[in-house]
Participant: 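I'd like to ask you about the structure that follows.
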Amino acid sequence: MLRVVAVLFCGAALLSVISNAQSAQLQGALEERLSSDRLGRADAGSYLAGDQAAFTLDPAGANYLLSIDGTPEVFVLHPDSASMGGRILKYDSGETALLVSGWGALTLYTDSAPGGLPAVRTGDFVPPLQTPVSLGELQGAAEEDTAQLAEIQHLSVSFRTDWAALSSNIQARVVAFEALENVARGIERFCGSPHGRNALARRLTAVTLAIAGRPTVTLEGKTLIVTFNPDMGYEGRASSRSISLALGSLFSAPRNQS
């Protein structure tokens with residue numbers, strides 16, 4: 001009888017140890033999910049939003065890199081706090097790109113879906129790379145953008161920079177190329193409004209790209225001065241959305257909200 005009681009006691013003790021271990025494990029997992037580092041965290045990978053928009057997301061330090069399929073631009077998203085432990089990932093223009101709930105659910109906001117599209121992770125992806133650009137390719141892109149703005153938007157705008165300074169600086173050419181393309185996209189975005197296109201047609205004749213400590217957009221006469229910092233990588237140039245926002249401030253015309 002005593003042996004039976006002892007066996008039952010040991011069994012109960014073993015079950016208690018297992019139960020306590022499982023409880024501790026569950027508690028640890030819950031605490032990990034509720035920790036400030038885990039709340040509102042967006043995992044790197046490829047995503048599909050609302051069966052419409054495919055995009056990729058890649059953490060880059062404190063920020064994220066966003067690439068949307070069908071568009072060549074890589075956006076830098078800056079996180080901000082949201083309710084219930086979530087985070088809002090914003091473009092450098094201040095507009096919301098993604099909302100991440102406390103549990104990690106993602107919602108993508110686009111021009112065509114301002115109310116948001118729920119996104120699901122579909123797999124891994126290869127992070128975007130900044131490919132080398134020759135001086136000739138950079139000059140060709142400037143000529144092409146000039147021709148395209150003239151043909152599509154009926155704007156006579158030339159692109160200028162210090163070609164000699166860029167000829168021997170590979171990294172500067174890479175970021176200058178992205179800055180150039182973002183300016184062209186920003187102008188086209190701004191021209192989505194008739195008021196914006198008319199304002200540029202009257203008051204803008206040239207865009208000058210210049211190296212500086214940080215990205216800025218200013219106006220001198222009829223020349224738009226856009227600065228970039230080659231040492232900052234993707235963050236060293238303004239996005240097309242930020243360019244469009246700056247044009248709205250500089251030319252006091254409504255931006256395209258489509």
Participant: Working to the nearest 0.5 Å, report the span between CG of L180 and CD of E144.
Facilitator: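 Spacing of CG (L180) from CD (E144) equals 9.5 Å.
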Participant: Keeping S244 on the side-chain end and I187 on the backbone end, is there a donor-acceptor pair under 3.5 Å?
Facilitator: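 Side chain of S244 to backbone of I187, a donor-acceptor pair under 3.5 Å: no, none is there.
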Participant: Which heavy atom in P230 sits nearest to a heavy atom in I211, and how many Å separate them?
Facilitator: CD-CG2, 3.8 Å
Participant: Do V217 and I243 make a side-chain contact, defined as non-hydrogen atoms from C-beta onward lying under 4.5 Å apart?
Facilitator: yes
Participant: For A164, is there any backbone N or O sitting under 3.5 Å from a side-chain donor or acceptor partner on S167?
Facilitator: yes
Participant: Tell me the closest heavy-atom pair linking Y109 and Y91, and the distance in Å.
Facilitator: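 Heavy atoms of Y109 and Y91 come nearest at O-OH, 4.5 Å.
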Participant: Any donor-acceptor pair under 3.5 Å linking the side chain of E73 with the backbone of S240?
Facilitator: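 Such a contact is found between E73 side chain and S240 backbone.
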Participant: Under a 3.5 Å distance rule, please check whether S242 uses its side chain to pair with a backbone N or O of A238 as donor and acceptor.
Facilitator: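 Checking the backbone N and O of A238 against the side chain of S242, no donor-acceptor pair under 3.5 Å is found.
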Participant: Q130 vs V174, test: side chain to side chain contact (heavy atoms under 4.5 Å, CB included). Steps then yes/no.
Facilitator: CA-CA 7 Å; Q130 292 179 307; V174 170; 3.6 Å; yes
Participant: Please round to the nearest 0.5 Å and tell me the distance separating atom CG of L57 and atom CG of L89.
Facilitator: 6.5 Å
Participant: Would you find a donor on one side and an acceptor on the other, under 3.5 Å apart, between the side chain of D124 and the backbone of G45?
Facilitator: no
Participant: How long is the straight-line distance from CG of L219 back to OG of S249, given to the nearest 0.5 Å?
Facilitator: 11.5 Å
Participant: State yes or no: do Y234 and L66 share one hydrophobic cluster built from I, L, V, M, F, W and Y residues joined by side-chain heavy-atom distances below 4.5 Å, directly or via other members?
Facilitator: no
Participant: Under 3.5 Å, is there a donor-acceptor pair between the side chain of N63 and the main chain of H78?
Facilitator: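 No, N63 side chain to H78 backbone: no donor-acceptor pair under 3.5 Å.
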Participant: We want to know whether T110 and S112 form a side-chain donor-acceptor pair, criterion being a heavy-atom distance below 3.5 angstrom.
Facilitator: yes
Participant: Between V157 and L204, what is the shortest heavy-atom contact and its length?
Facilitator: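 Result for this residue pair: CG2-O, 3.9 Å.
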Participant: State whether R237 and D92 are salt-bridged, where the test is any N-O pair (Lys NZ or Arg NE/NH1/NH2 against Asp/Glu carboxylate O) under 4.0 Å.
Facilitator: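 Salt bridge: no.
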Participant: Please check if the number of heavy atoms outside E137 that lie under 6.0 Å from its CD is greater than 12.
Facilitator: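 Result for CD/E137: enclosed.
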Participant: Between R197 (side chain only) and Q153 (backbone N and O only), is there a donor and an acceptor less than 3.5 Å apart?
Facilitator: yes
Participant: Regarding S93 and E95, is there a side-chain donor-to-acceptor distance under 3.5 Å anywhere?
Facilitator: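 Yes, side-chain donor-acceptor contact under 3.5 Å.
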Participant: For a side chain to side chain contact (heavy atoms under 4.5 Å, CB included) check, start with the C-alpha distance between V175 and N229, then their side-chain angles and the critical distance, and finish with the verdict.
Facilitator: CA-CA 8 Å; V175 181; N229 185 338; over 6 Å; no
Participant: Working to the nearest 0.5 Å, report the span between CZ of R121 and OH of Y47.
Facilitator: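 Here the interatomic distance stands at 5.5 Å.
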Participant: Can you hop from I88 to V100 via hydrophobic side chains spaced under 4.5 Å?
Facilitator: no
Participant: Would you say R173's side chain and V133's backbone share a donor-acceptor pair under 3.5 angstrom?
Facilitator: yes
Participant: So how far is it from D145 CG to E181 CD, rounded to the nearest 0.5 Å?
Facilitator: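 CD of E181 is found 4.5 Å from CG of D145.
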Participant: Would you find a donor on one side and an acceptor on the other, under 3.5 Å apart, between the side chain of T161 and the backbone of L209?
Facilitator: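 Yes.
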Participant: Measure the spacing between CG of L117 and CZ of F55 and express it to the nearest 0.5 Å.
Facilitator: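 Rounded to the nearest 0.5 Å, the CG-CZ separation comes out at 9.5 Å.
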Participant: Should L65 and L108 be counted in the same cluster of Ile, Leu, Val, Met, Phe, Trp and Tyr side chains packed under 4.5 Å apart?
Facilitator: no
Participant: Side-chain heavy atoms under 4.5 angstrom apart, residues restricted to Ile, Leu, Val, Met, Phe, Trp, Tyr: same cluster for I68 and F125?
Facilitator: no
Participant: Among side-chain atoms of T56 and S46, is any donor-acceptor pair under 3.5 angstrom?
Facilitator: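 Short answer, no.
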